[in-house]
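Below is one structure, written out as structure tokens, with a few remarks after it.
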Amino acid sequence: NPFQQGWFVPHDIEGLTQLMGGREKTIEELDYMFANTPTDFLWNQFYNHANEPVHHVPFLYNRLGQPWKTQYRLREIMDRMYRNNIDGLCGNDDCGQMSAWYIFSAMGFYPVCPGSDQYVFGAPYFKEMVIHLENGKDLVIKAPKVSAKNRYVKSVKLNGKEYDKAYLTHRDICNGGEVYFEMCSSPNKKRVFTNDQKPYSMTSDENNNR
């Protein structure tokens, strides 16, 4: 239905935003969608996590300048829709997508737009995770203060240096190292992302370097 398929334009969020009447109107529509979603997130006409085409939707707030809403919603979905039980997945794990969404989201980033080299930030779920890469390197993701209360990202460091982009690149991940999330209990509304970063599109230079 329109509340789900209508958002499935991961390659052109700016174009979708213009069609919907601008940034504020798009945020209003997202807020309305989540406000009307049942607390159990089961099959419904609004945010229906069991329907994979909506999996990128919580990350759209990031692109619209309100990343704290992405961080809040992701924690709610992971807490409510994934359990260590026989019915631990909220829907059919088609080709592993339900599980892949959880792993990426728990690490704190997600490939919103297939074909791009960018993994858009959300918020990590665990205090530490390690990816053992095929090239022999490790990517360590640390968030020592993360909790249900401390679900908001205050700042990010990549290999010890402040990192202010809305995403990691595939090259960042393949290079290994450490991504450090400083977490806090209230939204950091100063950490927003501007249009010139274009976190959901690939520039020609990035494409040529792949």
Side-chain angles (χ1 to χ4, degrees), residues 2-20 23 26-27 29-31 33-34 37 41 46-78 81-82 90-91 93-125 129 131 139 141 151-153 156 158 163-174 179 181 191-207 210:
F3 282 113
Q4 294 169 33
Q5 295 298 126
W7 294 105
F8 197 60
V9 194
H11 56 285
D12 189 11
I13 301 304
E14 276 120 359
L16 177 63
T17 301
Q18 291 174 9
L19 286 173
M20 294 184 72
R23 175 178 167 273
T26 305
I27 291 172
E29 291 293 329
L30 278 174
D31 289 345
M33 182 184 191
F34 281 108
T37 298
F41 286 97
F46 295 99
Y47 182 80
N48 180 10
H49 194 71
N51 192 24
E52 287 92 337
V54 302
H55 279 188
H56 70 296
V57 171
F59 294 88
L60 298 184
Y61 284 115
N62 209 352
R63 186 67 187 90
L64 295 166
Q66 294 187 350
W68 58 89
K69 290 184 179 178
T70 290
Q71 296 153 21
Y72 177 84
R73 295 298 177 188
L74 292 178
R75 187 87 191 189
E76 290 295 295
I77 295 167
M78 286 189 278
M81 299 308 301
Y82 293 86
C90 62
D93 200 11
D94 291 334
C95 298
Q97 168 57 19
M98 287 290 168
S99 301
W101 184 94
Y102 181 87
I103 296 298
F104 271 117
S105 297
M107 288 191 293
F109 47 83
Y110 184 78
V112 167
C113 181
S116 169
D117 67 343
Q118 298 167 359
Y119 297 75
V120 177
F121 281 131
Y125 195 81
M129 296 180 74
I131 307 174
L139 181 70
I141 300 131
R151 64 177 62 188
Y152 299 105
V153 177
V156 178
L158 179 61
Y163 191 81
D164 61 0
K165 292 183 178 180
Y167 56 88
L168 291 174
T169 66
H170 191 71
R171 181 173 297 178
D172 290 332
I173 293 173
C174 289
V179 182
F181 289 89
R191 192 173 193 273
V192 297
F193 308 109
T194 55
N195 288 337
D196 62 333
Q197 291 189 19
K198 297 192 181 301
Y200 298 149
S201 63
M202 184 186 298
T203 67
S204 57
D205 288 340
E206 287 169 333
N207 192 35
R210 292 187 70 186

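Values in this document were obtained by computation on a predicted structure and should not be read as measured data. Just the heavy atoms: all of them, side chains too, but no hydrogens, waters or symmetry mates, feed the values below.
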Practice problem: State the CD-CG distance between E14 and L64, to the nearest 0.5 angstrom. | Solution: 9.5 Å

Quiz item: Is the shortest heavy-atom distance from the side chain of C113 to the side chain of Q118 under 4.5 Å?
Solution: no

Exercise. Would you sort out whether K69 and I27 count as a side chain to side chain contact (heavy atoms under 4.5 Å, CB included), showing the intermediate values?
Key: CA-CA 10 Å; K69 290 184 179 178; I27 291 172; 3.9 Å; yes

Quiz item: Between the side chain of Y152 and the main-chain N/O of A123, is any donor-acceptor distance below 3.5 Å?
Solution: no

Quiz prompt | Worked check of side chain to side chain donor-acceptor pair (under 3.5 Å) between Y61 and D31 | solution = CA-CA 10 Å; Y61 284 115; D31 289 345; 2.7 Å; yes

Quiz prompt | Residues which pass side-chain hydrogen bond (donor to acceptor under 3.5 Å, both in side chains) with N51, listed by chain and number, not counting sequence neighbours | solution = Q4

Quiz prompt | Test item: M81 and E76 side chains (from C-beta on) under 4.5 Å apart, heavy atoms | solution = no

Quiz item: How far apart are the closest heavy atoms of T70 and P58, and which atoms are they?
Solution: OG1-O, 2.6 Å

Quiz item: Which value, rounded to the nearest 0.5 Å, describes the distance between L16 atom CG and Q18 atom CD?
Solution: 9.5 Å

Quiz prompt | Minimum heavy-atom distance between N48 and V54, given as atom pair plus value | solution = O-CG2, 3.1 Å

Quiz item: If we only count heavy atoms from C-beta on, is the H56 to F8 side-chain gap below 4.5 Å?
Solution: yes

Practice problem: Could you give me the CA-CA distance, side-chain angles and deciding distance for L168 and Y163, then say whether side chain to side chain contact (heavy atoms under 4.5 Å, CB included) is met? | Solution: CA-CA 9 Å; L168 291 174; Y163 191 81; 4.1 Å; yes

Exercise. Test L30 against Y47 for side chain to side chain contact (heavy atoms under 4.5 Å, CB included), laying out the working first.
Key: CA-CA 9 Å; L30 278 174; Y47 182 80; over 6 Å; no

Quiz item: Do V153 and F121 have side-chain heavy atoms sitting under 4.5 Å apart?
Solution: no

Practice problem: Report yes if some heavy atom in the side chain of V156 is under 4.5 Å from a heavy atom in the side chain of R191; otherwise report no. | Solution: yes

Quiz item: What is the minimum heavy-atom distance between V192 and G65, and which atoms define it?
Solution: CG1-O, 3.3 Å

Quiz prompt | D164 side, atom CG; L158 side, atom CG - distance, nearest 0.5 Å | solution = 11.0 Å

Quiz item: Can you tell if the side chain of L60 reaches within under 4.5 Å of the side chain of I13, non-hydrogen atoms only?
Solution: yes

Quiz prompt | Side-chain heavy-atom pair Y125, L74 within 4.5 angstrom cut-off | solution = no

Practice problem: Under the side chain to side chain contact (heavy atoms under 4.5 Å, CB included) rule, what do V57 and F34 come out as? Steps first, then yes or no, please. | Solution: CA-CA 10 Å; V57 171; F34 281 108; 4.2 Å; yes

Practice problem: Please report the closest heavy-atom contact between R23 and Q66, naming both atoms and the distance. | Solution: NH2-CG, 4.2 Å

Self-check item: Smallest separation among heavy atoms of F59 and V112, with atom names
Solution: CB-CG2, 3.7 Å

Exercise. Taking the side chain as every heavy atom from C-beta outward, state whether F181 and I141 have any pair of such atoms under 4.5 Å apart.
Key: yes

Show the atom names and distances, to 0.1 Å, of all donor-acceptor pairs under 3.5 Å that link a side chain in residues 101-110 to residues at least two apart or in another chain.
from, atom 1, to, atom 2, distance (Å)
W101, NE1, H55, O, 3.0
S105, OG, W101, O, 2.8
Y110, OH, Q97, NE2, 3.1

